[in-house]
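Convention: sequence-line order gives letters A, B, ...; per-chain numbering from 1. Every heavy atom of this structure was used, including side-chain atoms; hydrogens, water molecules and symmetry mates were not.
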Amino acid sequence: MKPLFELLKSLYRKPVEWVCGLLMAAITGVVFLQVISRYVFHHPFDWPEELARFLFVWVALLGAALALRRGAHFSIEALVHRVSKRGQWIIALLIHLVLALFILTVTIKGFALALRVREQLSPGMEIPMTFPYLAVPISFAVMLKYILTDIVKLIREERDSKP
Amino acid sequence: MILLLFILIGLLIAFNAPISLALGTASVITAYLKGNLPLIFIPQKIFTSLDSFPLLAIPLFVLAGSFLETGGVGMRLVNLANVLVRHIRGGLGFVVIVSTIFFSEISGSSAADAAAIGSVTIPAMIRLGYQAAFATAIVAASGGMAALIPPSIIGVIYGWQANVSVGAIFAGGFVPGFLMGGGLCVYTYFYARKMNFPVEKKASLGEVWIAFRESLPALMMPVIILGGIFAGIFTATEAAAVAVVYGFIVAVFYYKELKLRDIPKILVDSAVTTGFVGLLLGLASVFGWVLTTEQAPARLANLILSLSGSQWVFLLLVNILFLIGGCFLNATALLIILVPILLPMAERFGVDLVHFGIMIIANLGVGYVTPPVGICLYVACGISKQPLSEVIKPLLPYLVVMVFMLIFVTYIPWLSLVVPSLLYGK
């Protein structure tokens, strides 16, 4: 009972991690299946390649959101240290707001695009192209959530540091 | 407009924005100010750039590499290298170089190579009385060399960008990679003689046999991956998937060092690495699209051509650009940003695109080692707990050797092309 509870708790707390992990496993399985289908059954299916590509788009973008939260997106820090504490705070806030605005734009345009392609069917699996295209707005929405959390944190820190 | 685009990118990066988002944000601001570029193209570009079967090799190579890194393969390969070369003066230095070559034929990431080999060899070298800073330097330099040895993730990315076969890029890296490894070995030998490093007893044939048997399942992996790709049995992406499955089986059931409960973390970490590269690729294509609407690559090519028509000068400029850029930017980011701009020029100058790719990968290999942001240097320093300032001195001669080898790779295209032309008859 307890392991199941732990599992549910981690599912609830880290849904994006779970989806990413499962996507990675699925990609491996699907591409492997493609090799097997060609060499063992001598009959290549045409859907695994397409499915694997769509799963990759999803994992690349959702993984990017996770990378953003973990701070794995490499950046240069040397220049910022020359500015005063107050100046650093203003710059950090400004950059966060500009990036948030960019991410918001991509999210909105991404949803618009995903809706626009709903009548198009993918050539292999014949599913609406909305499903693969949704990877863009949904991942950027997750990024938006992370960056807004950072902005709230920045503002709180500044407020709390005042006497 | 182009100037504005680059100023914005520079500003955003200088103020700590992630490179990928800086590229995207600057491109969107430029596109918005121009007015005639519809913003719906942004998600479109992101999607179509990532919707590619060759790029799928990236998450798979990352995953295969982390299975083996956690699965005790690094230690076996170090053991094998140890019994083969430990009797030469400075033996452990050679062990690092040789085992990194073994490991990088399995893994697609230089950082993973440096981590897997460094975590075993650095403590061992310190125990045997090598200076910690020297141990760190040689692990970092070997990681840089490993960029050339196939398979490599940057090779997959370049192949996709330049629309050349990933198999040809992998094949092209062999000779330059071994040449660079040879260069590192030669310097290590002379340094070890000068410093009078300890010599160990030559291993008996029995010891060699045991070490070989222990690492055989790991050694089979490059045979399957590279053999499969070069023989045309699988594409690079399919080979990567086979590598994941094989690596999983070897690590879990043969070496039994990878525990099933470690798997979720490895999957998620690989997704994060993929995401880092994926977002860069997606947003760099938005950047490339804005650049192209301004005809910037073509105009820049004309400018360079008007300065000098010589291929020799062009290649020199590209090397300088990558060497300087490699000091300040993450190597993968540098590749993704610069290659789309440079490709039209390389074609105009009549440079073979496979050779051009190998040359760029060699540059990135040096970039992995140059401070302050060389990833292999970081990994090695993280293992040995040495500050960067201590490591610079022993590292410098290795960097000189690497740049020297880079010059060979740049001006002798044959080195990069001999294996691909043997395999693919080009």
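Note on ring orientation: taking the six-membered ring where Trp is involved, the planes of Phe102(A) and Phe140(A) are perpendicular (angle over 60°, cut-offs 30° and 60°).
Using a 4.5 Å cut-off between heavy atoms, Ser52(B) touches chain A through its backbone atoms (N, CA, C, O) alone. If you measure heavy-atom distances from Pro137(A) to chain B, you find no contacts under 4.5 Å at all. In this structure, chain A has heavy atoms under 4.5 Å from both the backbone and the side chain of Ile40(B). For chain B, the nearby part of Leu61(A) is the side chain; its heavy atoms alone come within less than 4.5 Å. Neither the backbone nor the side chain of Ile36(A) comes within contact range of chain B, judged by heavy atoms closer than 4.5 Å. Contact of Thr107(A) with chain B is not made at all, since no heavy-atom distance falls under 4.5 Å. Looking at Ala112(A), the atoms closer than 4.5 Å to chain B (heavy atoms on both sides) sit in the backbone and in the side chain alike. Interface residue Ile42(B): only side-chain heavy atoms are found under 4.5 Å from chain A. For Val242(B), the parts lying under 4.5 angstrom from a heavy atom of chain A are both the backbone and the side chain. For chain A, the nearby parts of Pro59(B) are the backbone and the side chain; heavy atoms of each come within less than 4.5 Å. There is no contact between Leu8(B) and chain A, counting heavy-atom distances below 4.5 Å.
For the set Lys14(A), Arg116(A), Glu50(A), His96(A), the count of heavy-atom pairs under 4.5 angstrom toward chain B peaks at Arg116(A). Heavy-atom pairs under 4.5 Å with chain A peak, among Val244(B), Ile263(B), Val245(B), at Val245(B). Counting heavy-atom pairs closer than 4.5 Å to chain A, the top residue among Ile233(B), Ile58(B), Leu281(B) is Ile233(B). Options Leu39(B), Leu11(B), Leu12(B) differ in how many heavy-atom pairs under 4.5 Å they form with chain A, and the most are formed by Leu39(B). Your options are Gly278(B), Pro43(B), Ala333(B), and the one with the most heavy-atom pairs under 4.5 Å with chain A is Pro43(B).
Using a 4.5 Å heavy-atom cutoff, the side chains of Phe54(A) and Val59(A) are not in contact. A 4.5 Å side-chain heavy-atom check between Pro48(A) and Val31(A) finds every atom pair outside the cut-off. In this structure, the side chains of Ser49(B) and Trp160(B) come closer than 4.5 Å at one or more pairs of heavy atoms.
In terms of heavy-atom proximity, Thr237(B) sits nearest to Phe53(B) at OG1-O, 3.0 Å. The shortest heavy-atom contact between Arg118(A) and Leu115(A) is NH1-O, 2.8 Å.
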Worked verdict on Leu60(B) versus Ile27(A) for side chain to side chain contact (heavy atoms under 4.5 Å, CB included):
CA-CA 8 Å; Leu60(B) 296 171; Ile27(A) 288 174; 4.0 Å; yes

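Cation-pi geometry between Arg69(A) and Tyr146(A) is met: the NZ or CZ atom falls under 6.0 Å from the ring centre, inside 45° of the normal.
Ion pairing of Lys145(A) with Asp150(A) is absent here, as no side-chain N (NZ or NE/NH1/NH2) approaches a carboxylate O to less than 4.0 Å.
A donor-acceptor contact shorter than 3.5 Å is absent between the side chain of Ser139(A) and the backbone of Val136(A).
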